[in-house]
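Step one of this worksheet: look at the structure below.
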Amino acid sequence: MLHTAIQKLAYVMALLGGVVLCLLVLMVCVSVSGRELSDLAFSGWIGGVGDWLIARGIGPILGDFELVEAGVAFAIFAFLPLTQLKGAHAKVDVFSKGMGDKANRALGTFWSVVMAAIIILITWRLFVGMQDKMRYGETTYLIQFPIWWAYAASLIAAITASIVSIYCAAMRLTGQRII
């Protein structure tokens, strides 16, 4: 029952991260295309339609890099729970390949506990950072959206990653299979 809930939570978070990433890719494509079209219009290649294009909102998206920055941060944290649950982090097993099953399980348990501790630490610091951004009212340069919004979105994903990491560490410590 708990495993199913944790698994669904990790999959939903990864799906949200994927949707955000796809939307960011679409936004960047639209922005770059708009920028190029706008440059062509104002350079005289397609006549004097630059003002007409800008009036209709066709052009670069203002603050696209600010949105990409916030969205990618969320996506990275959103993919962490599923990555942790599946044990899909990058591994270098040059030395552990020659070890026995028991040693590899102990090593896996150790790294699950370490990863849980690291993710909890990152989540705590993300929370502290979000509080600072809220307190000082810091906003992005171009579109002036509060920076704490990006921190809050990432914090939700980081809390989910913390929950999944604690679950994975507990399962390994008790000798149960995760996947």
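Quantities reported herein were computed from a predicted structural model and do not represent experimental measurements. Nothing fancy with the numbering, it's 1 onward along the sequence.
- Between Gln84 and Cys168, the closest heavy-atom pair is O-SG, 3.8 Å.
- Residues meeting the salt bridge (charged side-chain N to carboxylate O under 4.0 Å, His left out) test with Glu69, sequence neighbours left out: none.
- Taken together through direct or relayed side-chain contacts under 4.5 Å among Ile, Leu, Val, Met, Phe, Trp and Tyr, Ile147 and Leu155 form part of one hydrophobic cluster.
- Taking CD of Gln144 as the start and OG1 of Thr139 as the end, the distance is 3.5 Å to the nearest 0.5 Å.
- In the hydrophobic clustering of this structure, Tyr151 groups with Phe65; members are Ile, Leu, Val, Met, Phe, Trp, Tyr whose side-chain heavy atoms approach within less than 4.5 Å, directly or through other members.
- Applying the side-chain hydrogen bond (donor to acceptor under 3.5 Å, both in side chains) criterion to Thr4, with sequence neighbours excluded, gives no partner residue.
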Going through the checks in order, is the side-chain contact (heavy atoms from CB on, under 4.5 Å) test met by Asp101 and Arg105?
CA-CA 6 Å; Asp101 273 351; Arg105 277 195 304 276; 3.6 Å; yes
Mind running side-chain contact (heavy atoms from CB on, under 4.5 Å) on Met171 and Arg177 for me, showing each step along the way?
CA-CA 7 Å; Met171 294 298 283; Arg177 290 182 52 103; over 6 Å; no
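- Taking every heavy atom of both residues into account, Ser154 and Ala73 meet most closely at OG-C, 3.6 Å.
- Ile120 and Leu9 fall into different hydrophobic clusters, where Ile, Leu, Val, Met, Phe, Trp and Tyr side chains are chained together by heavy-atom contacts under 4.5 Å.
- Under a hydrophobic-cluster definition in which Ile, Leu, Val, Met, Phe, Trp and Tyr are linked whenever side-chain heavy atoms come within less than 4.5 Å, directly or via other members, Ile143 and Val30 are assigned to the same cluster.
- In this structure, the separation between CG on Leu15 and CZ on Phe79 is 9.0 Å, given to the nearest 0.5 Å.
- Here side-chain hydrogen bond (donor to acceptor under 3.5 Å, both in side chains) pairs that include residues 6-15, with residues two or more places apart or in two chains, are Tyr11-Lys86.
- Contact of the Met1 side chain with the Ile6 side chain is not registered, since no non-hydrogen atoms from C-beta on lie closer than 4.5 Å.
- Ala14 and Leu82 get closest at one heavy-atom pair: CB-CD2, 3.8 Å.
- Every residue meeting the side-chain contact (heavy atoms from CB on, under 4.5 Å) condition with Ala153, not counting sequence neighbours, appears here in chain and number order: Phe74.
- Identified under the side-chain hydrogen bond (donor to acceptor under 3.5 Å, both in side chains) test for residues 157-168, with sequence neighbours left out: His3-Tyr167, Thr123-Ser162.
- Every residue two or more places apart in sequence or in another chain was checked for a side-chain hydrogen bond (donor to acceptor under 3.5 Å, both in side chains) with Asn104, and none qualifies.
- Atoms CG and CD1, from Leu126 and Ile159 in turn, are 8.5 Å apart once rounded to the nearest 0.5 Å.
- Within the structure, salt bridge (charged side-chain N to carboxylate O under 4.0 Å, His left out) contacts touching residues 128-140 (residues at least two apart or in different chains) are Asp132-Arg135, Lys133-Glu138.
- Residues passing the side-chain contact (heavy atoms from CB on, under 4.5 Å) test with Val72 are Leu21, Leu24, Val68, Ile76, sequence neighbours excluded.
- For the residue pair Ala116 and Ala169, the shortest heavy atom distance occurs at CB-CB, 4.2 Å.
- Note on residues 19-30: no pairs pass side-chain hydrogen bond (donor to acceptor under 3.5 Å, both in side chains), not counting sequence neighbours.
- Counting only residues at least two apart or in different chains, side-chain hydrogen bond (donor to acceptor under 3.5 Å, both in side chains) contacts with residues 12-34 comprise Ser31-Asp64.
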Show your working on side-chain contact (heavy atoms from CB on, under 4.5 Å) between Met13 and Ile156 and close with a plain yes or no.
CA-CA 9 Å; Met13 194 55 67; Ile156 291 167; 4.2 Å; yes
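- Linking ILVMFWY side-chain heavy atoms closer than 4.5 Å, directly or via other members, places Leu142 and Trp148 in a single hydrophobic cluster.
- The distance from the OG atom of Ser112 to the CD1 atom of Ile166 is 12.0 Å, given to the nearest 0.5 Å.
- Among residues two or more places apart in sequence or in another chain, the side-chain hydrogen bond (donor to acceptor under 3.5 Å, both in side chains) test is passed with Thr109 by none.
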Does the side-chain contact (heavy atoms from CB on, under 4.5 Å) test come out yes or no for Ser96 and Met99, once each step is laid out?
CA-CA 5 Å; Ser96 63; Met99 298 172 140; 4.0 Å; yes
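- Nearest heavy atoms, Ala157 versus Pro81: O-CG, 4.2 Å.
- Annotation: side-chain hydrogen bond (donor to acceptor under 3.5 Å, both in side chains) contacts of Thr140 (sequence neighbours excluded): Glu66.
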